[in-house]
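Since the structure comes first, as structure tokens, the remarks are kept for the end.
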Amino acid sequence: MTSDALNPIESTTFADHGVLERQDLQRLFKNDLSALGLDVLLIEEELGNWDASQRRIDLLAIDRDANLVVIELKRGSRGAHMELQALRYAAMVGTMVFDEVVSRLAVTDESTIEEAQEKLLEFLEWNSPESGEFNADVRIVLVSADFSRELVYTVLWLNQRQLDISCVRLQPHRLDDRIILNVEPMVPLPEAGDYLIRQKEKAQADRATQQAVKTATGYTFFNVGEDKAGHRRWEDCRKYGFLQAGGGPRFRDKLAALNRGDRVLAYLKSHGYVGLGTVTGQATPLRDFVVASEGKRLLDLPIASTIHDGRLDDDERGEFCVGIEWTQAVPRETAVCGHLSKRGTSCRMLHQAEVDAIITAMEQVASS
């Protein structure tokens, strides 16, 4: 832009500038993934060493929700078949556990395992490796100079089926002796407008049916959330009638979403369902939570859990409680239906047959 005119900057290609895929683009982006619009922590570059496979992930990162992020880079103009390649990579890392990611981060940072774990926990805003569900889903980010229509349609179709795939377009330009790089998120793409319209019409037709399924059972799954540090214990929840969450806003907000009268099924990780009850109030900071049956603050009663004193007054990462009137509450040793667990902290129970099986099993335990 000058005082007299708007002058276009010449569009070029990476090949024109001698920019290479691995030596240049990958090297630069690994040091600043925020340039791709990502809030992630780099875990490893050129991740490979799978049995019977010579393939390598360009960049592997993790997001704030503890989901691994596969990032694939191409300097070409069509994206080739990178979505199929990235799906294979996502399947390969889908089974990675917390300790394995820590080990790879330690190698990348040239640090100790302890330092890498502390860095990862700080990024996730977790108290311990058990603070939340790790690697529940794998995200895919495709980065290329452009994308074919076929690739775009494939990505949009896969995203409709609960995958999380993004496309980011890189367009180089020449300005004097400099390379100007336009980084543009491209999903959804303008080229896919007609496809999106068809998908929207289909979604509108299905919405009423889907909503009926989501609210059919009237029960909410809630993970008790015990951790190795002992900040939450099912014994306390069962004895005094409450559920607890903390360690960050996304866990606190799950608890705050429960309203008086909501019916919950409490699940204890690695055991099964241990409680069936009704919410009696709104989420309250642990320091202020009063046990209705005792007429006293929970902190003034004998409890099995340990208190994180440094976070009692922290309304971001502190612990919160909500009162529950238990209809059934069984010891951890007699938990039921562990095979019907759900992902995450809390979610709607969608299938009545599952709810019926859990309630029946819990009643049988209580009456035995």
Side-chain angles (χ1 to χ4, degrees), residues 9 11-48 54-65 67-94 96 101 104-105 108 123 135 137-160 163-175 178-192 195-196:
I9 299 175
S11 296
T12 59
T13 68
F14 290 116
D16 292 337
H17 299 285
V19 173
L20 301 177
E21 190 172 292
R22 180 177 302 172
Q23 293 90 330
D24 296 314
L25 291 178
Q26 184 172 313
R27 174 178 57 85
L28 293 170
F29 278 118
K30 79 172 183 178
N31 295 323
D32 187 8
L33 287 170
S34 65
L36 295 174
L38 301 175
D39 182 15
V40 297
L41 175 67
L42 178 68
I43 299 299
E44 189 169 355
E45 179 185 18
E46 292 293 316
L47 172 64
Q54 300 301 314
R55 302 180 183 275
R56 292 182 176 273
I57 298 173
D58 291 340
L59 299 170
L60 180 68
I62 191 167
D63 66 17
R64 298 283 183 178
D65 293 322
N67 296 317
L68 290 178
V69 183
V70 171
I71 303 170
E72 281 300 297
L73 295 161
K74 299 291 184 187
R75 73 166 191 163
S77 61
R78 301 296 286 172
H81 299 290
M82 63 190 308
E83 82 282 14
L84 302 179
Q85 186 178 17
L87 284 172
R88 293 174 182 172
Y89 294 158
M92 290 175 177
V93 302
M96 288 182 70
V101 172
R104 293 181 179 274
L105 179 59
T108 297
F123 176 78
N135 199 17
D137 296 295
V138 178
R139 292 172 53 193
I140 294 173
V141 180
L142 308 177
V143 184
S144 178
D146 208 349
F147 299 94
S148 68
R149 184 180 294 269
E150 291 81 5
L151 186 150
V152 172
Y153 278 17
T154 300
V155 167
L156 292 170
W157 186 82
L158 290 169
N159 283 343
Q160 287 287 329
L163 273 74
D164 188 343
I165 308 177
S166 305
C167 295
V168 180
R169 183 162 64 185
L170 305 179
Q171 178 61 61
H173 300 265
R174 190 191 309 276
L175 181 60
R178 291 178 294 163
I179 301 174
I180 305 298
L181 186 60
N182 182 35
V183 181
E184 184 178 10
M186 292 301 293
V187 168
L189 291 169
E191 292 91 335
Y195 182 87
L196 291 177

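Residue numbers count from 1 along this sequence. All of these numbers come straight from a predicted model, not from anything done at the bench.
Proximity of Leu60 to Val70: side-chain heavy atoms (C-beta onward) are separated by under 4.5 Å at one or more points. Taking the side chain as every heavy atom from C-beta outward, Val93 and Leu47 approach each other to under 4.5 Å. At a threshold of 4.5 Å between non-hydrogen side-chain atoms, the residues Leu170 and Leu36 count as touching. Within the 4.5 Å cutoff, the side chain of Phe123 has heavy atoms near those of the Asp39 side chain. Between Leu41 and Leu105, the closest side-chain pair of non-hydrogen atoms falls below 4.5 Å. Contact check for Phe14 versus Leu181: side-chain heavy atoms found under the 4.5 Å cut-off. By the 4.5 Å heavy-atom criterion applied to side chains, Thr154 and Leu158 are counted as neighbours. Residues Ser166 and Leu38 have side chains not in contact (no heavy-atom distance under 4.5 Å, counting atoms from C-beta outward).
Between the side chain of Asp32 and the main chain of Leu28, no donor-acceptor pair closer than 3.5 Å is present. Side-chain atoms of Asp63 come within 3.5 Å of backbone N or O of Asp65 as a donor-acceptor pair. Counting only distance, with no hydrogens or angles, the side chain of Asn182 and the backbone of Gln171 share no donor-acceptor pair below 3.5 Å. A donor-acceptor pair is defined here as one N or O able to donate and one able to accept, closer than 3.5 Å; such a pair exists between the side chain of Ser148 and the backbone of Leu151.
For the atom pair NZ (Lys74) and CG (Leu142), the distance works out to 10.0 Å, reported to the nearest 0.5 Å. The CG atom of Asn31 lies 8.5 Å from the CG atom of Leu42; values are rounded to the nearest 0.5 Å. Here the CG atom belonging to Leu163 is positioned 12.0 Å from the CD atom belonging to Glu83, to the nearest 0.5 angstrom. Once rounded to the nearest 0.5 Å, the distance linking CG of Asp164 with CG of Asn67 reads 8.0 Å. Atom-to-atom distance recorded for Leu175:CG and Ile180:CD1 is 5.0 Å, nearest 0.5 angstrom. Atom CZ of Arg56 sits about 8.5 Å away from atom CD of Glu44, to the nearest 0.5 Å.
Considering every non-hydrogen atom in both Asn135 and Val138, the closest pair reads OD1-CG2, 3.6 Å. The two residues Val155 and Cys167 have their closest heavy-atom pair at CG2-SG, 4.1 Å. Here the closest heavy-atom approach between residue Arg169 and residue Ala145 is recorded as CG-O, 3.2 Å. Lys30 and Arg27 get closest at one heavy-atom pair: CG-O, 3.2 Å. Between Ala35 and Val183, the shortest heavy-atom contact is O-CG1, 3.3 Å. Between Ile57 and Ile71, the shortest heavy-atom contact is CG2-O, 4.3 Å.
Of the candidates Glu46, Glu72, Arg75, Gln26 forms a side chain to side chain donor-acceptor pair (under 3.5 Å) with just one, namely Glu46. Here the rule is side chain to side chain contact (heavy atoms under 4.5 Å, CB included) with Ile165, and of Ile140, Leu156, Val141 only Ile140 fits it.
Scored by the side-chain contact (heavy atoms from CB on, under 4.5 Å) test, Thr12 finds Glu10, Asp16, His17, Pro172, Arg174 as partners (sequence neighbours excluded).
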